[in-house]
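Labels below follow one simple rule: chain letters A, B, ... track the order of the sequence lines, proteins then strands, and each chain is numbered from 1. Note that the coordinates shown come from a computational prediction; the quantities given were computed from them, not determined experimentally.
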Amino acid sequence: MVPPIKEIVIVGGGSAGWMTAAALSSLLAPKDVTITLVESDEIGIIGVGEATIPDLLNFNRMLGIDEADFIRATNATFKLGIEFIDWGRKGDRYIHPFSNHGVDMNGFDFHQFWLHSRAAGNPYPIDDYSLCAIAARQGKFTHPDPNPRAIRSHIRYAYHFDASLYARYLRAYAEKRGVRRIEGKVQTVIQTPETGRIAEVKLEDGRSVDGEFFFDCSGFRSLLLGQTLGVRFNDWSHWLPCNSAQAVPSSHAGPLPPFTRATAKASGWQWRIPTQARTGNGHIYCRDFISDDEAASVLLAGLDSEALASPRIIRFTAGHRQTFWEKNCIAIGLAAGFLEPLESTSIYLIQEGISRFISLFPNAALPEVFRHEYNRHMRTEFEQVRDFIILHFTATERTDSPFWDYCRNMPIPDSLEHKIALFREGGRAFRCEDELFSRPSWVAVFLGQNIIPKAYDPVVATLPPPEVTASVESMRVAMIDAVSQMPTHEDYLARYSGPAAG
Amino acid sequence: MSTYLHEMPVIHIAVCGGGLAGYMTAAALSRHLPATYRITFIVTDETPSTDIFYGSVTAPSAYDFNLSVGVSEPALVLESNSAFSLGTHYQAWGEDGRSWVQGFQLPLPILNGVQFHQYLTRQGIDTLEPYLVSAAAAKRGVFAHPPEQAANPLSRSEYGYQLDASAYSRLFALGIAPSRICIIRAGITEIQASTEGIGALHLSDGQRVSADMFIDCTGPEGLLLGRLGARPAGRRGLGAAMSLTPGETLGPAVRTLTGRPFGWQSITPLQGATAKLTVFSEEDECLALTAHGDDVDARANAAPGRQAQAWIGNCVAIGQAAAVVEPLTPAPIMLLQGDIERLISLIPLSRDMAMERREFNRRFADDHEYAELFQRALFATAPVAPSGYWKAAQGAAEDTKLVRKLTQFLSRGSLVSYDLEPFTPEDWTILHYGMGRRPRRSDRLADQAPEAQVKQYLSDLQRDIVASTGGLPSHHSYMSGLKRFLLQKSS
């Protein structure tokens, strides 16, 4: 029998490193496997205000983390969706909510009924049928009702939090469960000559750390997977041309919004992420179209209130490593790939990288079949998220800058072209193989960015318009009513978790 | 602004074939599509013998599907020999001769966020069946519609139907909206096709039918799709023989399926008869037919497998014309329903159907792959030596998705599930237990509940199931009562 893996080494801390350490330590007993994490306090951690999607709840639940405790420790706020401003056209505004729009009826998608009622004169945008979107606009929040018949059971939510505090929180969690942390900077990586597998990492102070399986959480440098094992980068910048970001915190301006905001700018876009302590802001742009200095002024001009520091520049290229798992090493987080955080997927891709490894947990022989499945799966995840992000740039009528001219005219992946065509022709949207963003998300962005179907479903079309209009309207009213009974986000947060760590 | 119906082009659809696939498709199209779709149904064969490969059971999803195409449950009970089905009782399955009831079941309880079976593992309990209400009712031979009250354990059961394909397909003939469809009974003498697709069909009565779109319901032969270049998909030839034995008393609401060296045999109680189906590998035909005995009412051969593309040009294959599925589980009718629902959801909006075709083929491949995964899991066991049937069934290449499902369940009892799988996590849990797979250890979260509380919960549940199924009528007397009630109501 092949023995199990006994020594795991994680290179790099940050969200990626500590999420990996925490997840592994929650499942593995220290007597069976040793987990060592090497990180250097000198190397900065990227990302301050981080926005997430509801999947993070599963991750925290798997670790057995108490939610209120987590919220206090990470300065977290609740998030019901993302507001997009100026994307399809200047002046446009829509919310991509975490909850569905309306309720599907008789096996037909709600948006088909909405399209039917729209043709008969219904003036309300589809946002007005999403509980999360309505609550977000009104600054309200509450947890979902456990009773599946209650309207408020439709709420789905995620968090905004401080990523470095989250890493610190998970570090405490992991260390309590036996993860050994070594402070040090990796100088060289030693491979076993016969197999090419990574054998050990040597630190600047001369110590060495050996292991059987390595996680590369070294960030953009991709120290193990990229630099040592030579796995090449698959560049997607022709589809996602943004290659720089500047981030700056600002003070709060008014009540805490329970949503992320993404505002399209002339040569990129700007995020606004509220944590309990302050508001995180960032301008993501393409340097081919705008200088760093100009980008900084765009960022600062777009703040709701005063900046609390000067902007920090980050450079990146959209894309991913051609394989995520090579030999005895898996890259997690930025070492694996980068997609701009337009749909808050960074933490999700980390989480998925970890949980897919756990579900394939190999023995020491590292069967190739598991490695191939892992790589196939992660590649699909990246591609699916990529398509969804490209949609925001391609579905635009903006002609006010060379950047948007490029986006409007760039060729897009065939998979995305097909999805857009299906929706444009008949409002059809179907889920593809386990994709993260399911039908309601696609519908929100399609409609929010003015891809209005030429026809709606012919089966739904046979229904009498007054009946359809009445049932669609009753949903809208019921949602508004449910939201009116919800507390404000700030009140709820204060009551639920008490004061934050500061 | 969205297009109104009166602006849409008229599209002529010709459904060609017959049997279960033909009648179900014709009923669904005639019920769902607006008048801008003209529908012709060319019936080439009322009751093809290959329909016995659809098997004799449906999943619980049949209720909603049937209703949506105009076939209500009262009609099904009164106008066909169909009966209720709580599942399949597998017997002498595989080398270890496993026996279990694969019952239809609503999601099992989740306690403190942990799945039910994790508590069994933690308590060292080896059997799942005493906690399954469908299995208990099936074994007792009793039946009743699941009640609404959540407190009654019977509310967790679900049911499908037991049927014989020829009577079942006649129900769908009744479901057809007659004003919406033109029916022609004739054979096909010639298929006119080009690289674009099918142009017209020449029929034995001298007519020529041209259409914008053709639906191939001609069974495993796939006459229309074949004309566009599709090749027979299956490799391993299977034979099947079916007979109906009349009988006054309706047997239990469960199909019994017994493993045999040549394949398997099932007994399905119906109203007024019992259906016996024997499925075997072709080389064991003599052995199998001897074992089948009786007079054979229907006999057919087919090779399980699916087309790479079920929609080519302007022709969509539905049911066996697209894929032959061994009727080991309710998968064949489930997939047939799925084919039809997929077609309705992608009915072309114009004569250019490239977009719909691509999406249909993608979803077709997914649906069938996941159904096959479940069927294949029935062979993930030591082979029955020396059996040609078993060797061939297991010969299929190792599937990474199935390996993941099995290894994950064995290591921690985790249920890996893929998107939109037709079989539910409960189906998989019951199958794993039935086939003797037990998790090596439980989820750590299951350890958090106090032991005494878990023990109490499990024994209460078992007691409630015994109590609630004990008071139920037999399937036979429930059915008689139901029919009396329905007849009184309608008179």
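The side-chain heavy atoms of A:Pro458 and B:Thr36, taken from C-beta on, include no pair separated by under 4.5 Å. Looking at B:Ser345 and A:Phe108, their side chains never come closer than 4.5 Å, going by heavy atoms from C-beta outward. For the pair B:Arg358 and A:Asp414, the minimum side-chain heavy-atom distance is below 4.5 Å. Side-chain atoms of B:Val403 and A:Val369, non-hydrogen and from C-beta on, never get closer than 4.5 Å to each other. Under the 4.5 Å side-chain criterion, counting only non-hydrogen atoms from C-beta, B:Thr407 is not in contact with A:Phe361. Contact of the B:Ile347 side chain with the A:Asp457 side chain is not registered, since no non-hydrogen atoms from C-beta on lie closer than 4.5 Å.
Put simply, of A:Met62, A:Arg376, A:Arg428, A:Arg61, the one with the most heavy-atom pairs under 4.5 Å next to chain B is A:Arg428. With respect to chain A, the highest number of heavy-atom pairs below 4.5 Å among B:His32, B:Arg404, B:Arg31 belongs to B:Arg404. Chosen from B:Val416, B:Leu420, B:Leu346, the residue pairing most often with chain A at heavy-atom distances under 4.5 Å is B:Leu346.
Atom CE of B:Met355 sits about 10.5 Å away from atom CZ of A:Arg424, to the nearest 0.5 Å.
Salt bridge A:Lys419/B:Glu359: absent, no basic N to carboxylate O contact under 4.0 Å. Salt bridge status for B:Asp366 with A:Arg431: absent, with no side-chain N to carboxylate O gap under 4.0 Å.
Taking each heavy atom of B:Leu349 and A:Gly426 in turn, the nearest pair found is CD1-CA, 3.3 Å.
Both the backbone and the side chain of A:Ile358 come within less than 4.5 Å of a heavy atom in chain B. Proximity to chain A (any heavy atom under 4.5 Å) is shown, for B:Phe65, by neither the backbone nor the side chain. The part of A:Glu435 that comes within reach of chain B is its backbone (N, CA, C, O), which places non-hydrogen atoms under 4.5 angstrom from that chain.
Judged by distance alone, the side chain of A:Glu373 and the main-chain N or O of B:Lys401 form no donor-acceptor pair under 3.5 Å.
Other residues, nucleotides and ligands contribute more than 12 heavy atoms inside 6.0 Å of the CD atom of A:Glu368.
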